[in-house]
Number of protein chains: 2
Amino acid sequence: MTQAISVNEQQLDLLFHALSNQTRRALLAQLRSGPRIVTDLARSYKMSLNAISKHLLVLEKAGLIDRKIEGRIHICQLQAEPMMSAEKWLQNYQEFWSNNLDSFAEYVEQKYSDESKDKDEKS
Amino acid sequence: MTQAISVNEQQLDLLFHALSNQTRRALLAQLRSGPRIVTDLARSYKMSLNAISKHLLVLEKAGLIDRKIEGRIHICQLQAEPMMSAEKWLQNYQEFWSNNLDSFAEYVEQKYSDESKDKDEKS
DNA sequence: TTATTAATCAACCATATGGTTGAATATATA
DNA sequence: TATATATTCAACCATATGGTTGATTAATAA
(Lines give C-alpha, C1' and ligand atoms only; values in the text may rest on other atoms or scores of the structure.)
Protein backbone atom coordinates (compact mmCIF):
# COMPACT_ATOMS: atom_id res chain seq x y z
CA MET A 1 0.00 0.00 0.00
CA THR A 2 1.10 3.53 -0.82
CA GLN A 3 4.09 2.27 -2.84
CA ALA A 4 7.05 1.32 -0.69
CA ILE A 5 9.63 4.00 0.09
CA SER A 6 12.58 1.64 -0.27
CA VAL A 7 15.11 3.36 1.98
CA ASN A 8 15.91 1.99 5.38
CA GLU A 9 13.49 3.55 7.84
CA GLN A 10 15.84 3.46 10.82
CA GLN A 11 18.43 5.31 8.74
CA LEU A 12 15.88 7.94 7.77
CA ASP A 13 14.96 8.40 11.42
CA LEU A 14 18.58 9.09 12.33
CA LEU A 15 19.14 11.26 9.31
CA PHE A 16 16.10 13.51 9.63
CA HIS A 17 16.62 13.73 13.35
CA ALA A 18 20.21 14.82 12.83
CA LEU A 19 19.04 17.52 10.45
CA SER A 20 16.29 18.76 12.75
CA ASN A 21 18.61 20.90 14.87
CA GLN A 22 19.93 24.28 13.87
CA THR A 23 23.32 23.86 15.50
CA ARG A 24 23.88 20.57 13.73
CA ARG A 25 22.86 22.05 10.40
CA ALA A 26 25.32 24.89 11.04
CA LEU A 27 28.06 22.38 11.77
CA LEU A 28 27.40 20.66 8.47
CA ALA A 29 27.49 24.02 6.74
CA GLN A 30 30.89 24.71 8.25
CA LEU A 31 32.16 21.41 6.97
CA ARG A 32 31.22 22.30 3.42
CA SER A 33 34.39 24.36 3.24
CA GLY A 34 36.52 21.39 4.20
CA PRO A 35 37.50 19.15 7.11
CA ARG A 36 37.81 20.72 10.55
CA ILE A 37 38.85 19.67 14.01
CA VAL A 38 36.39 19.63 16.88
CA THR A 39 37.75 22.59 18.85
CA ASP A 40 37.80 24.66 15.71
CA LEU A 41 34.21 23.76 14.85
CA ALA A 42 33.09 24.55 18.38
CA ARG A 43 34.62 28.01 18.35
CA SER A 44 31.62 29.57 16.56
CA TYR A 45 29.04 28.66 19.18
CA LYS A 46 28.13 29.93 22.60
CA MET A 47 27.56 26.46 23.96
CA SER A 48 30.22 24.29 25.53
CA LEU A 49 32.66 22.10 23.67
CA ASN A 50 30.92 19.13 25.24
CA ALA A 51 27.63 20.10 23.70
CA ILE A 52 29.27 20.34 20.28
CA SER A 53 30.95 17.00 20.84
CA LYS A 54 27.53 15.47 21.41
CA HIS A 55 26.08 17.09 18.31
CA LEU A 56 28.97 15.73 16.28
CA LEU A 57 28.20 12.26 17.61
CA VAL A 58 24.61 12.58 16.40
CA LEU A 59 25.84 13.62 12.97
CA GLU A 60 28.29 10.74 12.94
CA LYS A 61 25.61 8.19 13.83
CA ALA A 62 23.52 9.50 10.96
CA GLY A 63 26.53 8.99 8.69
CA LEU A 64 26.73 12.70 7.87
CA ILE A 65 30.30 13.09 9.04
CA ASP A 66 33.22 10.83 9.65
CA ARG A 67 36.30 11.52 11.69
CA LYS A 68 39.94 10.70 11.38
CA ILE A 69 41.80 10.66 14.68
CA GLU A 70 45.34 11.99 14.51
CA GLY A 71 46.95 12.03 17.88
CA ARG A 72 44.76 14.03 20.14
CA ILE A 73 42.84 15.82 17.41
CA HIS A 74 39.76 14.56 15.62
CA ILE A 75 39.39 15.71 12.04
CA CYS A 76 35.74 15.83 11.03
CA GLN A 77 34.71 15.59 7.44
CA LEU A 78 31.39 15.99 5.69
CA GLN A 79 29.83 12.83 4.29
CA ALA A 80 26.87 14.10 2.40
CA GLU A 81 25.80 10.86 0.70
CA PRO A 82 23.19 9.94 3.32
CA MET A 83 21.39 13.08 2.26
CA MET A 84 20.69 11.29 -0.98
CA SER A 85 18.31 9.05 0.92
CA ALA A 86 16.49 12.10 2.18
CA GLU A 87 16.43 13.54 -1.33
CA LYS A 88 15.08 10.31 -2.71
CA TRP A 89 12.44 10.15 -0.05
CA LEU A 90 11.38 13.73 -0.65
CA GLN A 91 11.13 13.11 -4.35
CA ASN A 92 8.20 10.82 -3.71
CA TYR A 93 6.35 14.04 -2.93
CA GLN A 94 7.71 16.25 -5.64
CA GLU A 95 4.65 15.82 -7.83
CA PHE A 96 2.50 17.09 -4.98
CA TRP A 97 4.25 20.33 -4.37
CA SER A 98 4.68 21.04 -8.03
CA ASN A 99 1.00 20.29 -8.62
CA ASN A 100 0.14 22.59 -5.79
CA LEU A 101 2.43 25.27 -7.13
CA ASP A 102 0.81 24.90 -10.50
CA SER A 103 -2.64 25.40 -9.10
CA PHE A 104 -1.35 28.24 -6.98
CA ALA A 105 0.07 29.83 -10.10
CA GLU A 106 -3.29 29.39 -11.79
CA TYR A 107 -4.99 30.89 -8.80
CA VAL A 108 -2.72 33.89 -8.80
CA GLU A 109 -3.05 34.33 -12.50
CA GLN A 110 -6.82 34.15 -12.32
CA LYS A 111 -6.98 36.43 -9.34
CA TYR A 112 -4.87 39.18 -10.78
CA SER A 113 -5.60 38.86 -14.47
CA ASP A 114 -9.13 40.18 -14.35
CA GLU A 115 -9.60 41.14 -10.68
CA SER A 116 -12.71 39.21 -9.61
CA LYS A 117 -14.69 39.36 -12.80
CA ASP A 118 -16.60 36.16 -12.09
CA LYS A 119 -16.90 34.19 -8.87
CA ASP A 120 -15.11 30.87 -9.10
CA GLU A 121 -17.23 28.57 -6.96
CA LYS A 122 -15.15 25.47 -7.56
CA SER A 123 -16.17 22.33 -9.45
CA MET B 1 30.36 32.60 6.72
CA THR B 2 29.48 29.30 5.00
CA GLN B 3 26.98 31.04 2.70
CA ALA B 4 23.61 31.59 4.35
CA ILE B 5 20.98 28.88 3.99
CA SER B 6 18.15 31.35 3.51
CA VAL B 7 15.24 29.27 4.76
CA ASN B 8 13.72 29.91 8.13
CA GLU B 9 15.63 27.82 10.66
CA GLN B 10 12.72 27.33 13.04
CA GLN B 11 10.65 26.02 10.15
CA LEU B 12 13.40 23.59 9.17
CA ASP B 13 13.58 22.36 12.76
CA LEU B 14 9.86 21.58 12.75
CA LEU B 15 9.98 20.10 9.29
CA PHE B 16 12.94 17.76 9.75
CA HIS B 17 11.67 16.79 13.16
CA ALA B 18 8.28 15.91 11.70
CA LEU B 19 9.99 13.74 9.10
CA SER B 20 12.22 11.98 11.60
CA ASN B 21 9.57 9.51 12.71
CA GLN B 22 8.56 6.43 10.79
CA THR B 23 4.91 6.58 11.74
CA ARG B 24 4.65 10.17 10.61
CA ARG B 25 6.36 9.38 7.33
CA ALA B 26 3.90 6.53 6.85
CA LEU B 27 1.00 8.89 7.51
CA LEU B 28 2.28 11.23 4.85
CA ALA B 29 2.62 8.31 2.47
CA GLN B 30 -1.00 7.39 3.08
CA LEU B 31 -2.04 10.91 2.27
CA ARG B 32 -0.38 10.75 -1.11
CA SER B 33 -3.39 8.82 -2.36
CA GLY B 34 -5.74 11.58 -1.28
CA PRO B 35 -7.36 13.19 1.76
CA ARG B 36 -8.31 10.95 4.68
CA ILE B 37 -10.08 11.28 7.98
CA VAL B 38 -8.24 10.66 11.23
CA THR B 39 -9.91 7.37 12.20
CA ASP B 40 -9.27 6.01 8.77
CA LEU B 41 -5.60 6.99 8.87
CA ALA B 42 -5.22 5.49 12.32
CA ARG B 43 -6.63 2.13 11.27
CA SER B 44 -3.29 0.91 9.87
CA TYR B 45 -1.34 1.22 13.11
CA LYS B 46 -1.13 -0.75 16.30
CA MET B 47 -0.92 2.35 18.44
CA SER B 48 -3.89 4.22 19.84
CA LEU B 49 -5.94 6.77 17.98
CA ASN B 50 -4.65 9.35 20.43
CA ALA B 51 -1.08 8.65 19.46
CA ILE B 52 -1.96 9.14 15.81
CA SER B 53 -3.82 12.32 16.68
CA LYS B 54 -0.62 13.66 18.25
CA HIS B 55 1.46 12.67 15.26
CA LEU B 56 -0.97 14.48 12.99
CA LEU B 57 -0.57 17.57 15.13
CA VAL B 58 3.19 17.44 14.67
CA LEU B 59 2.72 17.16 10.91
CA GLU B 60 0.27 20.03 10.98
CA LYS B 61 2.65 22.28 12.91
CA ALA B 62 5.31 21.55 10.32
CA GLY B 63 2.83 22.57 7.65
CA LEU B 64 2.89 19.15 6.05
CA ILE B 65 -0.83 18.58 6.36
CA ASP B 66 -3.87 20.73 6.80
CA ARG B 67 -7.28 19.69 7.98
CA LYS B 68 -10.80 20.61 7.09
CA ILE B 69 -13.29 20.02 9.87
CA GLU B 70 -16.68 18.82 8.71
CA GLY B 71 -18.96 18.14 11.60
CA ARG B 72 -17.23 15.62 13.78
CA ILE B 73 -14.77 14.40 11.19
CA HIS B 74 -11.42 15.96 10.39
CA ILE B 75 -10.29 15.56 6.80
CA CYS B 76 -6.52 15.59 6.56
CA GLN B 77 -4.76 16.54 3.40
CA LEU B 78 -1.15 16.46 2.33
CA GLN B 79 0.58 19.81 1.97
CA ALA B 80 3.91 18.89 0.50
CA GLU B 81 5.22 22.38 -0.23
CA PRO B 82 7.22 22.68 3.00
CA MET B 83 9.26 19.81 1.71
CA MET B 84 10.56 22.21 -0.88
CA SER B 85 12.45 23.98 1.88
CA ALA B 86 14.06 20.70 2.83
CA GLU B 87 14.86 20.02 -0.81
CA LYS B 88 16.39 23.43 -1.19
CA TRP B 89 18.45 22.98 1.94
CA LEU B 90 19.69 19.58 0.85
CA GLN B 91 20.68 20.94 -2.52
CA ASN B 92 23.36 22.99 -0.82
CA TYR B 93 25.06 19.63 -0.38
CA GLN B 94 24.32 18.04 -3.69
CA GLU B 95 27.75 18.85 -5.10
CA PHE B 96 29.29 16.90 -2.25
CA TRP B 97 27.47 13.69 -2.73
CA SER B 98 27.61 13.82 -6.51
CA ASN B 99 31.36 14.44 -6.39
CA ASN B 100 31.66 11.41 -4.20
CA LEU B 101 29.47 9.39 -6.52
CA ASP B 102 31.51 10.49 -9.51
CA SER B 103 34.71 9.29 -7.97
CA PHE B 104 32.98 6.09 -6.94
CA ALA B 105 31.81 5.62 -10.51
CA GLU B 106 35.35 6.19 -11.75
CA TYR B 107 36.60 3.70 -9.24
CA VAL B 108 34.10 1.09 -10.32
CA GLU B 109 34.78 1.72 -13.97
CA GLN B 110 38.49 1.42 -13.50
CA LYS B 111 38.14 -1.69 -11.44
CA TYR B 112 35.83 -3.57 -13.77
CA SER B 113 36.63 -2.19 -17.23
CA ASP B 114 39.61 -4.29 -18.02
CA GLU B 115 40.18 -6.17 -14.81
CA SER B 116 43.65 -4.79 -14.10
CA LYS B 117 44.98 -5.37 -17.62
CA ASP B 118 46.76 -2.03 -17.91
CA LYS B 119 46.54 0.82 -15.45
CA ASP B 120 44.74 3.71 -17.11
CA GLU B 121 45.69 6.63 -14.94
CA LYS B 122 44.46 9.38 -17.29
CA SER B 123 44.81 12.14 -14.67
C1' DT C 1 58.93 15.85 34.18
C1' DT C 2 55.16 18.98 34.34
C1' DA C 3 51.85 21.62 32.20
C1' DT C 4 48.70 22.44 28.53
C1' DT C 5 45.65 21.06 25.01
C1' DA C 6 42.03 18.09 22.55
C1' DA C 7 38.52 15.51 23.21
C1' DT C 8 35.50 12.32 25.54
C1' DC C 9 33.15 10.28 29.65
C1' DA C 10 29.98 10.59 33.49
C1' DA C 11 26.59 12.48 36.08
C1' DC C 12 23.13 15.60 36.38
C1' DC C 13 19.09 18.67 35.01
C1' DA C 14 15.02 20.59 32.63
C1' DT C 15 12.23 19.89 28.98
C1' DA C 16 10.56 17.28 24.88
C1' DT C 17 8.88 13.05 22.83
C1' DG C 18 6.09 9.12 22.03
C1' DG C 19 3.14 6.43 24.04
C1' DT C 20 -0.76 5.15 27.32
C1' DT C 21 -5.56 5.52 29.65
C1' DG C 22 -9.61 7.95 30.87
C1' DA C 23 -12.43 11.91 30.44
C1' DA C 24 -14.70 15.50 27.75
C1' DT C 25 -16.88 17.60 23.56
C1' DA C 26 -19.35 17.60 19.67
C1' DT C 27 -21.93 15.54 16.08
C1' DA C 28 -24.61 11.77 14.05
C1' DT C 29 -27.73 8.06 14.27
C1' DA C 30 -31.41 4.94 16.41
C1' DT D 1 -34.46 11.22 23.46
C1' DA D 2 -30.53 8.07 24.22
C1' DT D 3 -26.51 6.13 22.25
C1' DA D 4 -22.77 5.62 19.37
C1' DT D 5 -18.96 7.87 16.73
C1' DA D 6 -15.02 11.09 15.78
C1' DT D 7 -11.79 13.57 17.81
C1' DT D 8 -9.31 16.05 21.16
C1' DC D 9 -7.94 17.18 26.01
C1' DA D 10 -5.61 16.07 30.30
C1' DA D 11 -2.80 13.60 33.08
C1' DC D 12 0.55 10.42 33.44
C1' DC D 13 4.86 7.58 32.35
C1' DA D 14 9.37 6.10 30.53
C1' DT D 15 12.84 7.45 27.75
C1' DA D 16 15.27 10.80 24.71
C1' DT D 17 17.26 15.33 23.95
C1' DG D 18 20.08 19.27 24.56
C1' DG D 19 22.49 21.44 27.63
C1' DT D 20 25.59 21.97 31.84
C1' DT D 21 29.82 21.05 35.00
C1' DG D 22 33.58 18.30 36.55
C1' DA D 23 36.52 14.40 35.90
C1' DT D 24 39.36 11.53 32.92
C1' DT D 25 42.37 10.13 29.03
C1' DA D 26 45.77 10.85 25.82
C1' DA D 27 48.97 13.53 23.18
C1' DT D 28 51.87 17.72 22.89
C1' DA D 29 54.77 21.39 24.44
C1' DA D 30 57.63 23.65 28.13
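Chain letters run A, B, ... following the sequence lines, proteins first, then strands; residues in each count from 1.
Not counting sequence neighbours, the partners of B:Asn50 by the side-chain contact (heavy atoms from CB on, under 4.5 Å) test are B:Ser48. Take A:Leu14 and apply the side-chain contact (heavy atoms from CB on, under 4.5 Å) test, not counting sequence neighbours, and it matches A:Gln10, A:Ala62.
In the hydrophobic cluster analysis, where Ile, Leu, Val, Met, Phe, Trp and Tyr join through side-chain heavy atoms closer than 4.5 angstrom, B:Val58 is grouped apart from B:Leu15.
Listed by first then second residue, pairs satisfying salt bridge (charged side-chain N to carboxylate O under 4.0 Å, His left out) with a partner in residues 41-62 of chain B read B:Asp40-B:Arg43, B:Glu60-B:Arg67, not counting sequence neighbours. Annotation: ring pair (Phe, Tyr, Trp, His ring centres under 6.0 Å) contacts involving residues 20-39 of chain A, sequence neighbours excluded, are absent. Counting only residues at least two apart or on different chains, the ring pair (Phe, Tyr, Trp, His ring centres under 6.0 Å) pairs with a member in residues 8-36 of chain A are A:Phe16-A:Trp89. The side-chain hydrogen bond (donor to acceptor under 3.5 Å, both in side chains) analysis of residues 20-29 of chain B, with sequence neighbours excluded, yields the pairs A:Glu9-B:Arg25, A:Asp13-B:Arg25, B:Arg24-B:His55.
Between the C1' atom of D:dT8 and the CD atom of B:Glu60 lies a distance of 12 Å, rounded to the nearest Å. In this entry the distance linking CG of B:Leu49 with P of C:dT20 reads 10 Å, nearest Å. Between the P atom of D:dT20 and the OH atom of A:Tyr45 lies a distance of 14 Å, rounded to the nearest Å.
Heavy atoms of B:Ile37 sit under 4.0 angstrom from primed sugar atoms or phosphate atoms, though from no base atom.
If you chain together ILVMFWY residues whose side-chain heavy atoms come under 4.5 Å of each other, B:Ile75 ends up grouped with B:Ile37, B:Ile73. Side-chain contacts under 4.5 Å among hydrophobic residues (ILVMFWY), followed directly or transitively, place B:Leu57 with no other residue at all.
Using a 4.0 Å cut-off on heavy atoms, the residues of residues 61-76 of chain A that approach DNA chain C are A:Arg67, A:Arg72, A:Ile73, A:His74, listed by number.
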Polar pairs (N or O, both sides) under 3.5 Å between protein and nucleotides 22-24 of chain C?
from, atom 1, to, atom 2, distance (Å)
C:dG22, O6, B:Asn50, ND2, 2.4

Look for any protein N or O under 3.5 Å of an N or O in nucleotides 13-19 of chain C and output each such pair with its distance, or none.
from, atom 1, to, atom 2, distance (Å)
C:dG18, OP1, B:Arg24, NH2, 3.4
C:dG18, OP2, B:Arg24, NH1, 3.0
C:dG19, OP2, B:His55, NE2, 2.2
C:dG19, N7, B:Lys54, NZ, 3.0
C:dG19, O6, B:Lys54, NZ, 2.3

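Looking only at distances, a side-chain donor or acceptor of B:Arg32 sits under 3.5 Å from a matching main-chain atom of A:Asn92.
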